[in-house]
**Student:** 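Here you go, one structure.
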Amino acid sequence: MPITPTEKIWMNGEMVDWADANIHILTHSLHYGMGVFEGMRAYETADGPAIFRLTDHITRMHDSARILLMPMPYSVEELVEASKAVVRASGLPACYVRPIAYFGYGEMGLNTLPCSVDVAIACWPWGAYLGDDAATKGVRMKISSWVRHDHNTMPPASKTTGNYANSSLAKVEALKAGYDEALMLNSQGLVSECTGENIFVARKGVIVTPPLSAGALEGITQHSVMTIARDFGFECRIGELTRSDLYICDEMFVCGTAAEVSAVNEVDDRPIACPGPMTTAIADEYKKAVRGQVDRYKEWVEHVS
Ligand SMILES: Cc1ncc(COP(=O)(O)O)c(C=O)c1O
């Protein structure tokens, strides 16, 4: 998806013009994939732009860095304020926000311990990741031939840049085969997640989403969706899913900050009723929640000014 430039990018404590936010070609993380990042969305609300679950995202970024033994030079509070400042500087009512921390220029070789850590935060307008009508029309999924990396290869709990080589291989494979998105199984053959979304499967009124132990990221949207589903009175739990569970489910959706709540209409050419009634109810409530229109979820909505 093409990027639309905005005014400023926050780099190591300074607001830098978009065109000047550059790094050296020998930046360590560019070569070895040891960066951590977040994807957040600012939504237009009645009280101006607000970043949905900003503090939770920045906290997860700190956790990702802990897993990589990357010392973060800025606190959660500092990065929360910097994220708000970037969105304010853009003047946009709504946008996607991308903080990234990476080992910087100055050292080469796989030992990250002597490396400096740089942090940047950018924002730009970004539409629905899986298409504007993904919540209603649904997306076609393919189970990937690529296996999700596991806890002893690349820890899935860390949103590490290098982890996304695995996701990109699966995404491109699915797109080239004519599908919209890939579903990934782990090395035990259990359902893990999609390339950039968590998955929810409903059967006989029970909604299930795979755990972190299956190789899924602990999604912030996943948590929001579980909360919304339970508040509706739906039975919703974390649990194991097999490939067959996908083929015989009653409804299915995927969710993430970029994709929001997107229905699934097919897995491996097996049709799924779409959008199912629970999917529709959850997707509609999520859309309202992120815009600060649901009182019980207002604490998730963090205004930028
Ligand atoms: C691999 C992967 N799984 C799941 C998600 C969904 O996470 P979240 O809802 O926190 O955006 C993402 C997005 O960050 C992701 O990259």
Side-chain angles (χ1 to χ4, degrees), residues 4 6-10 37-64 74-100 121-130 132 134-136 159 196-198 200 207 209 217-234 236 253-263 278-305:
T4 307
T6 53
E7 283 295 308
K8 300 281 183 190
I9 293 184
W10 184 95
F37 71 103
E38 275 301 319
M40 319 188 284
R41 273 190 191 273
Y43 289 93
E44 190 169 5
T45 77
D47 303 313
I51 303 177
F52 189 65
R53 302 194 64 171
L54 167 61
T55 306
D56 291 328
H57 279 282
I58 299 295
T59 302
R60 186 172 67 185
M61 185 170 171
H62 264 249
D63 290 345
S64 295
Y74 300 97
S75 65
V76 169
E77 294 71 24
E78 286 169 324
L79 294 179
V80 162
E81 286 314 312
S83 304
K84 291 180 180 177
V86 170
V87 174
R88 276 198 307 273
S90 77
L92 292 168
C95 56
Y96 183 79
V97 190
R98 167 60 57 83
I100 183 163
I121 308 173
C123 77
W124 65 92
W126 209 10
Y129 182 64
L130 293 175
D132 285 334
T136 46
K159 238 177 115 58
E197 304 88 27
N198 292 103
F200 284 79
I207 309 173
T209 185
L217 184 72
E218 255 185 339
I220 290 166
T221 319
Q222 181 190 42
H223 177 266
S224 308
V225 157
M226 291 189 73
T227 307
I228 290 169
R230 287 171 179 161
D231 287 346
F232 272 132
F234 301 149
C236 183
F253 60 91
V254 299
C255 74
T257 299
E260 302 175 305
V261 179
S262 300
M278 291 193 287
T279 305
T280 303
I282 291 166
D284 288 349
E285 187 78 344
Y286 181 76
K287 262 192 209 136
K288 289 187 205 148
V290 296
R291 289 169 178 79
Q293 293 163 3
V294 186
D295 278 345
R296 58 159 42 127
Y297 308 128
K298 278 220 157 132
E299 67 184 29
W300 287 342
V301 176
E302 300 182 45
H303 291 98
V304 305
S305 46

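The basis for the numbers below is simple: all heavy atoms, side chains too, and nothing from hydrogens, waters or symmetry mates. Everything numeric in this text was worked out from a predicted model, so none of it was measured. In what follows, residues are counted from 1 in the order of the sequence shown.
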**Student:** Under a 3.5 Å distance rule, please check whether R98 uses its side chain to pair with a backbone N or O of A122 as donor and acceptor.
**Tutor:**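 No, R98 side chain to A122 backbone: no donor-acceptor pair under 3.5 Å.
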**Student:** Which residue, I9, I100, L79, forms the side-chain contact (heavy atoms from CB on, under 4.5 Å) with I121?
**Tutor:**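 That would be L79.
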**Student:** Quick one: are I207 and I282 in side-chain contact, heavy atoms under 4.5 Å?
**Tutor:**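 Side-chain contact under 4.5 Å: yes.
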**Student:** Is the distance between the ring centroids of F52 and Y297 under 6.0 Å?
**Tutor:**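 No; F52 has its ring centre 6.0 Å or more from that of Y297.
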**Student:** Heavy atoms, side chains only, cut-off 4.5 Å: are K287 and E260 in contact?
**Tutor:**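 No, every pair of side-chain atoms sits at 4.5 Å or beyond.
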**Student:** Short question: side chain of R230, backbone of C236 - any donor-acceptor pair under 3.5 Å?
**Tutor:**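 The answer is yes, because a donor-acceptor pair under 3.5 Å joins these two groups.
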**Student:** Kindly give the heavy-atom pair with the smallest separation between P49 and L92, and that separation in Å.
**Tutor:**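 For P49 versus L92, the nearest heavy atoms are CG-O, 3.6 Å.
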**Student:** Here's a test for you: under side-chain contact (heavy atoms from CB on, under 4.5 Å), which of T279, V261, V225 qualifies with F200?
**Tutor:**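 The single option meeting the side-chain contact (heavy atoms from CB on, under 4.5 Å) with F200 is V225.
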**Student:** Could R60 and D63 be called an ion pair, given the rule that one side-chain N must be under 4.0 Å from one carboxylate O?
**Tutor:**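 Here R60 does not pair with D63 in a salt bridge, since their nearest N and O are not under 4.0 Å apart.
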**Student:** Using a 3.5 Å distance criterion without hydrogens, assess whether the side chain of H303 forms a donor-acceptor pair with backbone atoms of K84.
**Tutor:**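 Not at all, since once roles are kept as given, no pair shorter than 3.5 Å links the two residues.
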**Student:** E302 side chain to T55 main-chain N or O, any donor-acceptor pair under 3.5 Å?
**Tutor:**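 Yes, E302 side chain to T55 backbone: donor-acceptor pair under 3.5 Å.
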**Student:** Where the side chain of R291 meets the backbone of E44, is there a donor-acceptor pair that is under 3.5 Å apart?
**Tutor:**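 Absent.
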**Student:** Kindly indicate whether the side chain of V97, heavy atoms from C-beta on, has any atom under 4.5 Å from the side chain of V87.
**Tutor:**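 A side-chain contact under 4.5 Å exists here.
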**Student:** T6 side chain to C123 main-chain N or O, any donor-acceptor pair under 3.5 Å?
**Tutor:**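 Answer holds: yes.
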